Amino acid sequence: MTKPAPILRLVSPVREPELGLAPARSAQALPQAEPTLETLYAQYAPYVAALASRILGRASEVDDVVQEVFALAVRGLRRREDPHQMKGWFGKVTVRLCTRQLRMRRLWSLVDLAADPSYDRLPDAGASPEERQLVMEVYRALDRIPARERVPWTLRNVEGEQLERVASLCNCSLATAKRRVAAAHDKLNKYLREKAP
Amino acid sequence: MSELERQLARGPLRVSSVWSPEPPERAVRAILRRRRRAFALRAAAVGSCAALALVFGLRRGESPVPVSTQVVAATAPVPQRSEPQRAFADGSLAELSGEHSALVVEADTPSRVVTRLSGSARFRVTENPSRVFEVRTAEVRIRVLGTVFSVFERGAARAEVRVEQGKVEVAWLGGATTLTAGQAGTFPPETDGATALRQAALDEREADSAPPSASDARAAKARVTAAELLHQADEARLRGAPEAALAPLRQVYERYPRDRRAPVAAFTLGRVLLDDLGRAGEAASAFEKARTLWPKGPLAVDALAREAEARVRAGEAERGRRLANQYLARHPDGKHAAAMRKLLAR
């Protein structure tokens, strides 16, 4: 009796829709290879970087956070988790590291004599001039708000996350997330009014 | 409805990513190198602490740790010794000295190099105004723009910085300064708040049979008290309560006007009032205090610029403009010159 010919699958860089499929499409399918750090990086680094960009606003800090997230992923992530869990893991770790970075930034701002940063690269290319100006002013005002309030506000109003997801990413209750978003919003309105001509 | 609320009613703010991707293979190599170096530095710190604990334990005459544990501590895994030289992508070079020195590179990108140093090293940094190059020790951060300088760790929390060429900015909790070619210093300074607090804590632990003199006791109390006040202010700011930082900062320069920390406290008060609380008039007075307490000190120039800004924001336009002109007359190419010209052009 001849053995059935093996079914060969081209293992391309892992794309999100392909993960999470039942382990065997057919009895003869090869087990799915565990994604390497490179494939994870190729897939999730843009997401991590975009999230970090919106929370931190500064390119030099974003590079650092991206590297740190994947350094933690070497040990912290079980590669066989499904894509939603993986994205959730990357999101939580990114938020945690960004929050830590914001706290360190405020610590060093006590003595930093450097000029305030410019946020002119942040607004989306498609934004109107008014929106561009608003984004830059918002980020300057966000620098004055404590990280525990700033981060949930950014996740809600820049990243566009639902409050339940904001709470999950920030590892707090829904009520706490709502309270912090509201507190940050009040402060932002106040600081923006001060700056208004 | 505010402009922000009107915009958010249309959808989230549109903010793009500011990240420049690199090829995954290269990125992963950098990530794995970072992990190895971080492990090496942690292992070096553990090894040093274990050795110190052993020595300290013997000095204090405590009950000896069981021999097997001592042997384990003494033979903790020896980390890979850092290469004596470390070259960076832009041609900058770090030369480690001393057997236990270690350097961990936390970031090495075109816009930013951040290294963490344990021990001593000499740095030769390529001039590049668009790149930040930082060296961090336990309590001190040194930021450079193309220079040759050396850093020596002095004890657990201080670092000596010597500049051969160029200029560096040295910062620590409670203060900052700039060093130019030929200058050197140990930081945080001896009279610095954080160091005084730590020293006070160490002093309490160490047995001292000689009773202090009355003036020593008064000086020690003053040092600790000013340090405690600065610490209270730092803590208040870190927990997001800037209003709670105002009183301790004022007390530093009101009670101890001749203390070297007094201008730092006044300057920090100005920043909190202006940047965190929007109280421009009071901020202007604080910046004025900072520069008059130490007219030739390292903060006087920045205090002048910030006072100009605060006066204008407080509605004292004429006074603010006078100060801006004063700044430009003395420092036409200074760090705040562009901002002062903008202020005058309004």
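These values consider heavy atoms only, across backbone and side chains, with no hydrogens, waters or symmetry-generated copies. A note on names: the letters A, B, ... follow the listed sequences, proteins ahead of strands, and every chain is numbered from 1. Here the structure is a predicted model, which means the values were calculated and not measured.
With 3.5 Å as the limit, one finds a donor-acceptor pair spanning the side chains of B:Ser2 and A:Asn189.
Between the CD atom in A:Glu130 and the CZ atom in B:Arg6 there is a gap of 11.5 Å [rounded to 0.5 Å]. For the atom pair CG of B:Leu277 and NZ of A:Lys190, the computed distance is 6.5 Å after rounding to the nearest 0.5 Å. We find the CZ-CD distance between B:Arg29 and A:Glu38 to be 8.0 Å, quoted to the nearest 0.5 Å.
Looking at heavy atoms from C-beta onward, B:Glu5 lies in side-chain contact with A:His185 at the 4.5 angstrom threshold. Annotation: side chain of B:Leu13 is in contact with side chain of A:Val138 (closest heavy-atom distance under 4.5 Å). At least one side-chain heavy atom of A:Tyr139 sits under 4.5 Å from a side-chain heavy atom of B:Val15. When side chains are defined from C-beta on, B:Glu3 counts as touching A:Leu134, because their heavy atoms get closer than 4.5 Å. Here the side chains of B:Glu25 and A:Tyr41 are not in contact, with every heavy-atom distance at 4.5 Å or above.
Looking at B:Leu4, both its backbone and its side chain come within 4.5 Å of chain A, counting heavy atoms on both sides.
Interface check for chain B: of the options A:Asp64, A:Val135, A:Leu188, A:Asp63, the most heavy-atom pairs under 4.5 Å are formed by A:Asp64. When A:Thr154, A:Val158, A:Val66, A:Ile145 are compared by the number of non-hydrogen pairs under 4.5 Å with chain B, A:Val158 comes out ahead.
Contacts with chain B (heavy atom to heavy atom, under 4.5 Å) involve these residues of residues 48-59 of chain A, listed by number: A:Ala49, A:Ala50, A:Ser53, A:Arg54, A:Arg58, A:Ala59.
Pairing each heavy atom of A:Ala127 with each of B:Arg14, the nearest pair is CA-NH2, 3.6 Å.
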